[in-house]
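Here the structure is a predicted model, which means the values were calculated and not measured. Residue indices begin at 1 and follow the sequence shown.
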Amino acid sequence: MKHVSLQGLSGPLDVSRLVLGTDYFGSTIVPGLAFEIIDAYVAAGGNTLDTARCYADWVPGGQGASERTLGAWLRERGARANVLISTKGGHPRFDSMQRGRLSHDEVASDLAQSLETLEVERIDLYWLHRDDESQPVEKVMDMIARIAEGSHVRAFGCSNWRAERIEAANAHAIRQGTAPFCASQLQWSLAHSSAVKQDDETRVVMDDRELARYRHNRIPVVAYTSQAKGYFAKPLAGPGAANDKSLRWFDNPINRARRERLIALAEQSGRSRTAITLGYVLSQGIAAMALIGPRTLAQLHDSMAVADVELSPEDLHQLMGDA
């Protein structure tokens, strides 16, 4: 599998183009199956496991379940040296999503809990899970520079930040001689995603304006919801259909048209719908990685089989309807 090189605090980190998302590991995905999925992912060439301090907090009894499961897998497999651990902190409380949690004490506390739960001494990729636009970026970057002094993080990234804020944050860090964000996580897929914010106003979704800024500033991207929750790969009705959330977020006239063009391209090219869906994100002329969230081994194998797919400019034009 191809890798993307991200600049860490003391050197590069080589991240596989497909990153394994583990949000439901240890809760609705039981530990035994989670272990099997991680084993298969690593065997297929993947090297980056993504979690967050808040994952599964929304499941009764699930608080910290994802990080605990990854920590148990690392311990049982003795595999710490073989993978990169990516986790996130600074997420708002779910009952007060509009109140940011990016103070030094809040982020430092989340980091300490993640280190303990994962049973590791350092986090390879540590992401600020949400922005707090009431704070100047200079204050936020000075805060993570202080946290970096503890040597518990190899690289810092941001998740659900607007590109304009990332540009300003990185410019300040460079002026101060401290580390800028190495990459950004945001929602990005072939799907037109305007309806997504109905569920969470703090989520940042890639659009044409954001993408232009990412290209101009050469900011690496980790795309979550990269397969639009199966909207393009699964039937819209009947056995094995896309789930309710996928339809609620993505079923609109724009995406129905894109879906038909994707099906036509799949038939013409002999590539799978999964290959084309992932290829859209991975073929945009920027350093991009796709976060995948398989619930089964079959879903994992389907994604890993097309990890290095590339779409041509003509393919991309056809998908967007301007060929």
Side-chain angles (χ1 to χ4, degrees), residues 3-15 19 48 50 52-53 84-92 98-112 114-115 122-188 202-224 284-289:
H3 288 188
V4 174
S5 182
L6 302 181
Q7 185 58 46
L9 298 175
S10 58
L13 286 76
D14 290 327
V15 178
V19 174
T48 305
D50 183 81
R53 178 89 289 266
L84 299 176
I85 297 299
S86 164
T87 194
K88 299 178 281 290
H91 193 285
Q98 298 304 319
R99 190 189 78 77
R101 289 186 62 256
L102 292 185
S103 72
H104 177 275
D105 288 350
E106 287 167 327
V107 175
S109 175
D110 283 359
L111 173 59
S114 291
L115 290 165
R122 285 204 301 174
I123 304 297
D124 299 298
L125 290 161
Y126 194 74
W127 310 82
L128 300 186
H129 205 163
R130 290 292 193 274
D131 194 3
D132 177 1
E133 296 200 3
S134 70
Q135 292 197 37
V137 293
E138 294 81 2
K139 181 179 178 181
V140 176
M141 298 311 284
D142 290 346
M143 176 271 293
I144 66 170
R146 290 171 56 199
I147 289 177
E149 294 172 357
S151 301
H152 293 301
V153 174
R154 295 181 64 193
F156 284 93
C158 57
S159 180
N160 296 292
W161 281 51
R162 292 185 297 108
E164 182 178 7
R165 290 268 293 179
I166 300 171
E167 293 165 14
N170 283 354
H172 172 75
I174 292 168
R175 287 193 300 270
Q176 297 298 112
T178 58
F181 290 129
C182 71
S184 168
Q185 280 196 28
L186 77 167
Q187 183 171 308
W188 185 23
T202 68
R203 185 181 288 113
V204 175
V205 177
M206 185 73 88
D207 58 22
D208 291 343
R209 181 175 178 274
E210 290 283 301
L211 182 55
R213 298 189 84 127
Y214 276 96
R215 285 175 172 155
H216 178 74
N217 291 284
R218 299 181 181 276
I219 301 170
V221 179
V222 176
Y224 69 79
Q284 295 288 340
I286 58 175
M289 296 138 281

(request) Determine, stepwise, if the pair Arg154 / Arg122 fulfils side-chain contact (heavy atoms from CB on, under 4.5 Å). (result) CA-CA 7 Å; Arg154 295 181 64 193; Arg122 285 204 301 174; 3.6 Å; yes

Provide the closest heavy-atom pair for [X] versus [Y] in the form atom of the first, atom of the second, distance.
X: Trp161; Y: Tyr214; answer: O-OH, 4.0 Å
X: Ala155; Y: Gly8; answer: CB-CA, 3.7 Å
X: Val107; Y: Gly90; answer: CG2-CA, 4.4 Å
X: Pro220; Y: Leu6; answer: CB-CD2, 3.6 Å
X: Ala288; Y: Val4; answer: O-CG2, 3.9 Å
X: Val221; Y: Met206; answer: CG2-CE, 4.3 Å

Contact between [X] and [Y] at the side-chain level, heavy atoms closer than 4.5 Å - yes or no?
X: Asp131; Y: Asn160; answer: no
X: Leu13; Y: Thr48; answer: no
X: Cys158; Y: Ile166; answer: yes
X: Thr178; Y: Phe156; answer: no
X: Trp188; Y: Glu210; answer: no
X: Ile286; Y: Ile219; answer: no
X: Gln135; Y: Met143; answer: no
X: Arg99; Y: Pro92; answer: no

(request) Could you tell me whether the side chains of Tyr126 and Asp110 share a donor-acceptor contact shorter than 3.5 Å? (result)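 No, Asp110 and Tyr126 have no side-chain donor paired with an acceptor closer than 3.5 Å.
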
Determine yes or no for a side-chain-to-main-chain donor-acceptor pair under 3.5 angstrom, with [X] supplying the side chain and [Y] the backbone.
X: Arg130; Y: Leu102; result: no
X: Asp124; Y: Ser86; result: no
X: Arg215; Y: Gln284; result: yes

For the atom pair [atom1] ([X]) and [atom2] ([Y]), what is the distance rounded to the nearest 0.5 Å?
X: Leu111; Y: Ile144; atom1: CG; atom2: CD1; result: 11.5 Å
X: Asp50; Y: Trp127; atom1: CG; atom2: CH2; result: 7.5 Å
X: Met141; Y: Gln176; atom1: CE; atom2: CD; result: 10.5 Å
X: Leu128; Y: Gln185; atom1: CG; atom2: CD; result: 11.0 Å
X: Arg53; Y: Leu115; atom1: CZ; atom2: CG; result: 10.0 Å
X: Arg165; Y: Ser184; atom1: CZ; atom2: OG; result: 12.5 Å

(request) Provide the full list of side chain to side chain donor-acceptor pair (under 3.5 Å) pairs with a residue in residues 136-151, sequence neighbours left out, each pair given once. (result)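 Every side chain to side chain donor-acceptor pair (under 3.5 Å) pair that includes a residue of residues 136-151, provided the two are not neighbours, is Asp142-His172.
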
(request) Sequence neighbours left out, what passes side-chain hydrogen bond (donor to acceptor under 3.5 Å, both in side chains) with Glu133? Give chain and number order. (result)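 In terms of side-chain hydrogen bond (donor to acceptor under 3.5 Å, both in side chains), with neighbours along the sequence ignored, Glu133 is linked to Arg162.
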
(message) Could you go through Arg101 and Asp132, starting from their C-alpha distance and side-chain angles, then the distance that decides it, and tell me whether this counts as side-chain contact (heavy atoms from CB on, under 4.5 Å)?
(response) CA-CA 7 Å; Arg101 289 186 62 256; Asp132 177 1; over 6 Å; no

(message) side-chain contact (heavy atoms from CB on, under 4.5 Å), that's the test. Do Asn217 and Asn170 meet it? Break it down for me.
(response) CA-CA 10 Å; Asn217 291 284; Asn170 283 354; over 6 Å; no

(message) Is it the case that over 12 heavy atoms from other parts of the model lie below 6.0 angstrom from the NE2 atom of His216?
(response)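 No, not enclosed.
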
